[in-house]
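Every heavy atom of this structure was used, including side-chain atoms; hydrogens, water molecules and symmetry mates were not. Residue numbers start from 1 in every chain, and the chains themselves are labelled A, B, ... in the order their sequence lines are given, proteins ahead of strands.
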Amino acid sequence: MRTSNFYLFPLKENPTDAFLASHKLMLRSNMIRQSATGIYTWLPLGLIVLKNIENIIRDLHKDFMIQELLMPTIQSAELWKKSERYSDYGKEMLRISDRNKAELLYGPTNEELITDIVSKDLRSYKDFPKILYHIQWKFRDEVRPRFGVMRCREFLMKDAYSFDTSYENSYLSYCKMFLLYLKIFKKLGINALPFEAETGPIGGTLSHEFILETANGESEIFYDKTINDIEFKNIDFNDNEKVKKLILEYSNYYSKTSEKHKKKFFEKNVKLENRKYSKGIEIGHIFYFGTKYSKKLNSMFLDNNGKSNFIYSGSYGIGVSRLVAAIIESSYDEKGIIWPAEVAPFKIGLINVRVGDNLSTEYSENFYKFFKKKYSIIYEDRDIRLGQKLNIFDLIGLPVQLIIGEKNISNNNIEVKDRKSGKISLISKDQIEDYLKKNYEF
RNA sequence: CGGGGCGUAGCGCAGCCUGGUAGCGCAUCUGCUUUGGGAGCAGAGGGUCGAGUGUUCGAAUCACUCCGCCCCGACCA
């Protein structure tokens, strides 16, 4: 991609109505634009990042043999009446009616719908276990939307649902999703920790929130900081004993949200120097339901004795659009965003220092043609001042900048600037690719 | 949902108190000069002042109503 073609109109000044750094930076870097309170357009740059995150989540679900489907955004009120959540969910649910006055709603979540879907297909104990997910827009009519896409009304969520034949099996699915989540967040380049949590209107008996610690987060967390010492092992997902063992390891450490926090227990059992009270952003939330939904919706299967039983289920959410903001919130500086390489809109920013110079232009063009075949790259080919070029790439947070200017290229050198450290290295043009491979994971 | 605040050019703001028909910075366009960290000079374009009603000879300015948006508190991916 060339900047001369790319739809990118960064703002020099900070928007006044944004409070969080992530919100300001997303507006300044032209990633999003608000269209109504808590409702946003994802502009090209923002959409690339959103899709990158989606795809990382997709790939890892695929690795775990979890299948994707796509449920609609608009649902009929019928199932929600059966589960009795049509009234319980309250004003957060956006209710709509169609031309025939049928009651519809813009889905805030999909437990009812997915339970109804699978109950038509999963009839024998032999059909289990199954985990399905989709990545779909949700709408929750928040009392007070704020902080950009962090707490908005329309948001993109990955929600997975597990279906099993017993408590034991269902708990195992819960544990596997727990580990999958740790793996996903690690891959996204962020340190999100699991916390015991309340189940809220989603319901159930067991629940964990995955929270990314940040100074401005809305969730309060209490934990034993040595939980970070647990080494996340890439264990075999089908090895049930290893899965349970690793979960047990996590549950040995104190980590609770404020709703679950027990002050006395915390102080008695966790050493003072290890006690951590902090704030963070909830980016994932998992729930064990047991038969809560299957009973309401009458979802049964036949066991090996030919007897009908209720299906055991759980649900597992990741706030995909919120993650974009959360990642920024944990990785930025005074110049702008610093993307982890995995989610960066482009991994490399190529800068031709001066378009008017034949030598640097020739090299820039050649480098671009060569690199674009193999790498995600954006090429700054416009005739604007160098300061602008550098500041824009700093703002949009590309991990590496290749700066090609007449002075250095005449000595066969290219400047390689690392966004995070700001460090600039002069690298011989023939060794650029090796250098990038060695120092960056792409 | 309660409390506070804001709405004037694409963005950021001044003008409002004390009514007289709209201004600044950035951005945009043209020209010249510049060219290694958001350039300089000269010129130009761009507004039914959120909407409606009222008061007045006259309303961005005063009053009322509505709409939109932001912030602070109780809820949530």
Side-chain angles (χ1 to χ4, degrees), chain A residues 9-20 23-24 27-28 30 33-39 57 88-93 107-110 135-160 181 192 197-202 207-212 217-220 257-259 280-287 315-326 335-336 351-357 360 380 382-395 401 403-409 415 417 422 424 426:
Chain A
F9 302 93
L11 269 44
K12 209 192 266 188
E13 292 170 273
N14 258 326
T16 45
D17 48 7
F19 174 74
L20 281 191
H23 189 195
K24 286 179 191 164
L27 289 169
R28 276 192 60 201
N30 211 225
R33 181 159 305 152
Q34 178 164 299
S35 76
T37 302
I39 300 176
I57 293 173
D88 291 355
Y89 222 94
K91 290 188 172 179
E92 291 237 321
M93 188 151 74
T109 177
N110 288 59
I135 298 176
Q136 178 65 290
W137 293 92
K138 307 286 188 291
F139 194 95
R140 293 184 190 170
D141 200 357
E142 288 279 340
V143 180
R144 186 153 91 84
R146 64 192 116 159
F147 304 147
V149 298
M150 193 75 87
R151 174 162 303 288
C152 52
R153 296 194 293 174
E154 189 185 49
F155 59 97
L156 189 62
M157 181 162 113
K158 187 286 311 188
D159 39 329
Y181 273 31
E198 281 296 334
T199 55
I202 310 283
S207 174
H208 284 87
E209 285 182 25
F210 290 81
I211 293 174
L212 174 65
E218 294 186 276
S219 303
E220 285 184 289
T257 59
S258 55
E259 296 83 23
I281 302 163
E282 179 188 0
I283 50 179
H285 201 158
I286 61 177
F287 304 88
S315 87
Y316 315 89
I318 291 178
V320 180
S321 48
R322 174 183 282 182
L323 258 172
V324 178
K335 285 183 170 295
I351 291 177
N352 179 10
V353 170
R354 210 148 77 79
V355 171
D357 180 74
S360 69
E380 178 53 87
R382 293 175 298 175
D383 188 11
I384 56 175
R385 300 185 74 83
L386 179 66
Q388 287 190 45
K389 301 180 188 191
L390 293 164
N391 281 320
I392 291 168
F393 278 179
D394 283 347
L395 174 67
Q401 292 167 20
I403 303 164
I404 299 183
E406 52 198 311
K407 290 175 195 165
N408 290 314
I409 202 67
E415 277 172 68
K417 189 176 107 185
I424 294 174
L426 263 190

Item to check | Which residues share a side chain to side chain donor-acceptor pair (under 3.5 Å) with Q136(A), sequence neighbours left out | outcome: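 Partners of Q136(A) by the side chain to side chain donor-acceptor pair (under 3.5 Å) criterion come out as none, since no residue qualifies.
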Next on the checklist: In whole Å, I'd like the distance from the CG atom of L20(A) to the C1' atom of C70(B).
Outcome noted: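 It is 13 Å, rounded to the nearest whole Å.
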Checklist entry - Roughly, in whole Å, what's the span from CE in M150(A) to P in C76(B)? => result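 It works out to 18 Å between those atoms.
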Test of understanding: with salt bridge (charged side-chain N to carboxylate O under 4.0 Å, His left out), list the residues that count as partners of [X], not counting sequence neighbours.
| X | answer |
| --- | --- |
| R385(A) | none |
| K417(A) | D394(A) |
| K138(A) | D159(A) |

Where the side chain of [X] is concerned, which of [options] is the nearest nucleotide?
| X | options | result |
| --- | --- | --- |
| L390(A) | G37(B), A74(B), C26(B) | G37(B) |
| R144(A) | A74(B), G38(B), A77(B) | A74(B) |
| K335(A) | C1(B), G38(B), G37(B) | G37(B) |
| K12(A) | G38(B), C1(B), C70(B) | G38(B) |
| R322(A) | C76(B), G38(B), G37(B) | C76(B) |
| E142(A) | C75(B), C1(B), U35(B) | C75(B) |

Checklist entry - Where each residue is assigned the nucleotide of RNA chain B containing its nearest heavy atom, which of I404(A) and R146(A) is assigned the position nearer the 5′ end? => result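 Its nucleotide being nearer the 5' end, the pick is I404(A).
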Checklist entry - Given that F155(A) and F19(A) both sit by RNA chain B, which one's nearest nucleotide is further toward the 5' end? => result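 Upstream on the strand: F19(A).
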Item to check | Rounded distance in Å between the P positions of G23(B) and U48(B) | outcome: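 Their P atoms lie roughly 15 Å apart.
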Checklist entry - If the P atom of G7(B) is compared with that of C13(B), how far apart are they to the nearest Å? => result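 The same atom, P, in both gives a distance of 9 Å.
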Ignoring backbone atoms, test whether [X] places a side-chain nitrogen or oxygen under 4.0 Å from the OP1 or OP2 oxygen of [N].
| X | N | value |
| --- | --- | --- |
| K389(A) | G38(B) | no |
| T37(A) | G68(B) | no |
| Q34(A) | C70(B) | yes |

Show every donor-acceptor pair shorter than 3.5 Å between a side-chain atom in residues 143-153 of chain A and any protein atom, with sequence neighbours excluded, or say none if there are none.
residue: R146(A); atom: NE; partner: R144(A); partner atom: O; Å: 3.4
residue: R151(A); atom: NE; partner: E218(A); partner atom: OE1; Å: 3.0
residue: R151(A); atom: NE; partner: E218(A); partner atom: OE2; Å: 3.4
residue: R151(A); atom: NH1; partner: E142(A); partner atom: OE1; Å: 3.2
residue: R151(A); atom: NH1; partner: E142(A); partner atom: OE2; Å: 3.1
residue: R151(A); atom: NH2; partner: E218(A); partner atom: OE1; Å: 3.4
residue: R153(A); atom: NE; partner: T37(A); partner atom: O; Å: 2.8
residue: R153(A); atom: NH1; partner: D141(A); partner atom: OD1; Å: 3.0
residue: R153(A); atom: NH2; partner: T37(A); partner atom: O; Å: 3.0

Item to check | Protein proximity profile, nucleotides 11-16 of chain B - base contact B, sugar-phosphate-only contact S, no contact -, cut-off 4.0 Å on heavy atoms | outcome: BSS---
Please list, for nucleotides 29-34 of chain B, all pairs of protein and nucleotide N/O atoms separated by less than 3.5 Å.
residue: U34(B); atom: O2; partner: R385(A); partner atom: NH1; Å: 3.1

Item to check | For A326(A), all residues meeting side chain to side chain contact (heavy atoms under 4.5 Å, CB included), sequence neighbours excluded | outcome: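 Once residues adjacent in sequence are excluded, the partners of A326(A) under the side chain to side chain contact (heavy atoms under 4.5 Å, CB included) criterion are L212(A), I281(A), I283(A).
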Checklist entry - What residues form a side chain to side chain contact (heavy atoms under 4.5 Å, CB included) with S219(A), not counting sequence neighbours? => result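 Side chain to side chain contact (heavy atoms under 4.5 Å, CB included) check on S219(A) returns E209(A), I211(A), E282(A).
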